[in-house]
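Chain naming here is simple, since letters A, B, ... match the order of the sequence lines and numbering starts at 1 in each. All values derive from a computational prediction rather than experimental measurement.
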Number of protein chains: 2
Amino acid sequence: MTHLFHPARDDMRISRVLAALADPVRLHLVAQVADGSERSCAAEEWGVQVHKSTLSHHFRVLREAGVTMTRVDGRNRWIRLRRADLDARFPGLLAAVLAALPEEAAHPQDRAAAS
Amino acid sequence: MTHLFHPARDDMRISRVLAALADPVRLHLVAQVADGSERSCAAEEWGVQVHKSTLSHHFRVLREAGVTMTRVDGRNRWIRLRRADLDARFPGLLAAVLAALPEEAAHPQDRAAAS
DNA sequence: CAGATCGTTTGACAAACATCAAACTAAGGT
DNA sequence: ACCTTAGTTTGATGTTTGTCAAACGATCTG
């Protein structure tokens with residue numbers, strides 16, 4: 001598959017972007033490239049304790065939602081934030097989420113709820 | 001149950017809030033009270049085609065995430081946005097999401113993905 | 001109290017999701 | 001050619017989620 005799907009800026013859907021961001025692991029991944037840097041898919045580069053196929057899955061969710069851009073280069077893939085597109089399409093969203101991340105990182109991962 | 005759980009402002013978690021907002025139905029509900037108004041839980045008041053128990057479930061998710069406040073008054077419950085708390089805790093988040101809602105509403109609800 | 005109203009809770013069910021492991025594809029390197 | 005490296009795809013598994021329906025609880029009204 002040499003063609004990776006990326007939604008056009010105008011095809012991004014807010015509910016989809018929110019769903020992509022509503023996962024602690026993916027939120028952590030986004031934080032790693034928040035500075036505009038690029039990173040390969042190697043698990044060591046992201047400081048996360050999941051299997052590489054799981055990581056691959058998360059990158060796909062982020063990419064298909066329009067949050068990240070995946071560039072193919074030889075046998076590596078380089079991932080970066082689509083900050084300009086996100087800022088144009090949903091002004092303020094990314095900034096608000098990124099601002100909340102340091103605090104989020106302090107918590108252990110939890111998917112459970114209290115009543 | 002006379003005590004409904006509402007997270008304190010500082011206990012709100014961004015991943016939880018994002019998860020609460022990452023649903024087309026709940027996004028629609030939030031849009032209805034975006035102007036600061038209060039609304040009872042009656043399905044007719046929200047213009048949504050789900051069973052009342054489903055609606056009750058969504059209100060709980062929103063409340064437990066800290067997005068909405070539910071006030072009990074006799075046999076009615078009045079729901080409103082916790083805008084001040086959200087703005088204080090996650091500045092810009094709500095505004096960014098609300099700004100994207102009119103466009104979101106134009107689309108049919110979809111939870112499925114394309115490859 | 002009896003009945004109606006408003007909403008929650010519980011149970012059931014299918015779809016979606018996060019995860020891992022193993023198989024696979026593609027691109028280098030030797 | 002062969003082996004390694006980088007990442008995806010597929011299958012399996014357990015969890016979570018959205019939904020409805022039916023039962024329940026609580027409050028108001030006659």
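If you check D:dC20, C:dT19, D:dT9 against the side chain of A:His58, the one that comes closest is C:dT19. You'll find that the side chain of B:Arg26 is closest to D:dG18, out of D:dG18, C:dA18, D:dG7.
Under 4.0 angstrom from either OP1 or OP2 of D:dT8 there lies at least one side-chain N or O belonging to A:Arg77. For C:dG7, one of the phosphate oxygens OP1 or OP2 lies less than 4.0 angstrom from a side-chain nitrogen or oxygen of B:Ser40.
Taking atom NE2 of residue B:His57 and atom C1' of nucleotide C:dA14, one finds them 14 Å apart after rounding to whole Å. We find that CZ of B:Arg71 is positioned 16 Å from P of C:dC6, with the value rounded to whole Å. One interatomic measurement links the two molecules: CG of A:Asp23 to P of C:dA16, which rounds to 18 Å at whole-angstrom precision. Atom CG in A:Leu55 sits about 12 Å away from atom C1' in C:dT19, given to the nearest Å. Distance, A:Gln49 CD to C:dA18 P: 18 Å, rounded to whole Å. One atom, CZ of B:Arg75, and another, P of C:dC6, lie 6 Å apart when rounded to the nearest Å. Whole-Å rounding puts the B:Leu4 CG to C:dT9 C1' distance at 13 Å. Atom CD of B:Glu45 and atom C1' of C:dG7 are 13 Å apart (whole Å).
None of B:Leu93, B:Val97, B:Leu81, B:Thr68 except one satisfies the side chain to side chain contact (heavy atoms under 4.5 Å, CB included) rule with B:Leu86; the exception is B:Leu81.
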Go through it in stages, so that I can follow the logic: the residues are A:Leu18 and B:Leu27, the test is side-chain contact (heavy atoms from CB on, under 4.5 Å), and I'd like the CA-CA distance, side-chain angles, deciding distance and then a yes or no.
CA-CA 10 Å; A:Leu18 291 172; B:Leu27 230 28; 4.2 Å; yes

Pair A:Leu62, A:Val30 - check side-chain contact (heavy atoms from CB on, under 4.5 Å), show working.
CA-CA 9 Å; A:Leu62 288 170; A:Val30 167; 4.0 Å; yes

Hey, mind stepping through A:Val61 and A:Asp23 against side-chain contact (heavy atoms from CB on, under 4.5 Å) and telling me if it holds?
CA-CA 11 Å; A:Val61 171; A:Asp23 178 275; over 6 Å; no

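Of the residues near DNA chain C, B:Cys41 and A:His51, the one whose nearest nucleotide (by heavy atom distance) lies more toward the 5' end is B:Cys41. Nearer the 5' end of DNA chain D, as judged by each residue's closest nucleotide, is the contact made by A:Asn76, out of A:Asn76 and A:Thr54. Closest-nucleotide positions on DNA chain C for A:Lys52 and B:Trp78 were compared, and the one nearer the 5' end corresponds to B:Trp78.
Residues B:Arg83 and B:Leu98 meet the side-chain proximity criterion, which asks for heavy atoms closer than 4.5 Å.
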